[in-house]
Number of protein chains: 2
Amino acid sequence: MCARETGRRTGRPRSAEADRAILDAARQALVELGWGRLSMGDVAARAGVAKTTLYRRWANKNELVVDAVAALFDELELPDRGSLRADVEGVVLQFAALLEQPATRTALMAVVAEATHDEALRRRIRAAIVDRQKRLVIEGRRRAQERGEIPPDDGDPTAQVDLIFDVIAGAVVHRALVSCEPVDADWAARFTTVLLGGLAAASAI
Amino acid sequence: MCARETGRRTGRPRSAEADRAILDAARQALVELGWGRLSMGDVAARAGVAKTTLYRRWANKNELVVDAVAALFDELELPDRGSLRADVEGVVLQFAALLEQPATRTALMAVVAEATHDEALRRRIRAAIVDRQKRLVIEGRRRAQERGEIPPDDGDPTAQVDLIFDVIAGAVVHRALVSCEPVDADWAARFTTVLLGGLAAASAI
DNA sequence: ACTCTTTCGATACGACCCGTAGCGTAACTG
DNA sequence: CAGTTACGCTACGGGTCGTATCGAAAGAGT
């Protein structure tokens, strides 16, 4: 989205090191200053590059910050822990650990807030962050079906996947970012009990 | 937080009409422009007052916007609909309707994002918005216990109230603001089924 | 009526930031 | 070496924040 590949045959190549330095500087500045007080000049100074270099790669502040944030969520995974309950608790704690890092927390809230009145930014965030994490729900469901813990699909599972995703991500984000209370193993266990009990009741209809 | 009561014995009184005009203008500007592009000069112009008048009442932009937002959540209520399920569905839809208003949506996200790196603002928001809404959960629980739908408390119900609150508010906020999909009667019904089933399973332990 | 106190409107101001433009230089290619 | 592109640097216009200043207005008390 920043460096063109086609038509670039000669000339001084872009510094990949500068890319990393800029994104790191942007994340660091976002943590320390927040969205409003983050300035492009400051990011450039932290990265040790000129401000014009930032604008050669990203069109504006929003684009740069979103790119800096998107990479933070790539580390989420869903290792097979042997049972649906363990998988859910595992991903809840993993997600919570990510949100406990000030970088991720500040970045996510800032980006979501900015997207509230920017449709293009909203689409970009949904594609880069939200839809990507839904894979975790889909994968966990598939494993649980293979284990026989939940019944196989009858029809389109999209609605149920969306509901589960909103409940998990919503509850964790709300507790971590709005209520500002810890998402520890005890909370994860109680939350998982509610979620699995609820899904069992819902599928029994 | 703005008008002092002690020591104010004489002089020209503050215009209460200006207060309302400023808060209305701030909400309107927040909807149209978002946090980043909302300017104090613009709010002053919309309200028909001088910019200095804003700074005489609020220390800075954050304080003004938070005050403008806090009032939006006062309209939430929990009418008795006769059953726990109906009460939950009612408050979910009511909350969702509030979040569907661009004013509330933009304002909430902007304020939460701003609070991520501002401890004082965070405390203010929790006291003014979060803790206030927990009353809805406490009241709904009490009614359900009186009806015999859920067992009475054994010990401190704080943890369960907090969990329920995070699940309800988190799921609704996440669907409405992050997933950007509608919270309609169908979704509310399915969500309530999951929640009540989960609570029944949790209390059966 | 007169004074005192406080608020109000209007204007100007310094500081900061965004995003752009121009220029000379560095790095890489054929 | 010539051509092309990225880079650092500087400067700029436009906008905003928050403050300062000053005269006028609106009440309260005597």
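Order of the sequence lines fixes the chain letters, A, B, ..., with proteins taken first and strands second; residue numbering starts at 1 for each chain.
- Side-chain to base pairing of B/R12 with C/dT6: no donor and acceptor N or O lie closer than 3.5 Å to each other.
- Minimum interatomic distance between A/A26 and A/L38 (heavy atoms only, all atoms of both residues): O-CD1, 3.7 Å.
- For the pairing with B/D87, the side-chain hydrogen bond (donor to acceptor under 3.5 Å, both in side chains) check across B/R141, B/R147, B/R81 returns one residue only, B/R147.
- One atom, CZ of B/R56, and another, P of C/dA10, lie 12 Å apart when rounded to the nearest Å.
- In this structure, B/R190 and A/L163 approach most closely via the heavy-atom pair NH1-CD2, 4.0 Å.
- By the side chain to side chain donor-acceptor pair (under 3.5 Å) test, A/D184 pairs with no residue at all, sequence neighbours left out.
- Helix bend of the helix from C/dA1-D/dT30 to C/dG30-D/dC1: the angle between its two end axes, each built from five pairs, comes to 10° after rounding to 10°.
- Rounded to whole Å, the distance from CG on A/L64 to P on C/dC18 is 11 Å.
- Closest to the side chain of B/T53, out of D/dC7, C/dT6, C/dG9, is C/dG9.
- Rounded to whole Å, atom P of C/dA27 lies 13 Å from atom CD of A/E17.
- With hydrogens and angles ignored, no donor-acceptor pair under 3.5 angstrom links the side chain of B/R14 to the base of D/dG27.
- To the nearest angstrom, C1' of D/dC7 lies 13 Å from CG of A/D19.
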Return the polar atom pairs (N/O with N/O) between nucleotides 16-20 of chain D and the protein under 3.5 Å, or none.
unit_1, atom_1, unit_2, atom_2, d
D/dC17, OP1, B/L38, O, 3.3
D/dC17, OP1, B/M40, N, 3.1
D/dC17, OP2, B/M40, N, 2.9
D/dG18, OP2, B/Y55, OH, 3.0
D/dG18, OP2, B/K61, N, 3.4
D/dG18, N7, B/K51, NZ, 3.1
D/dG18, O6, B/K51, NZ, 2.9

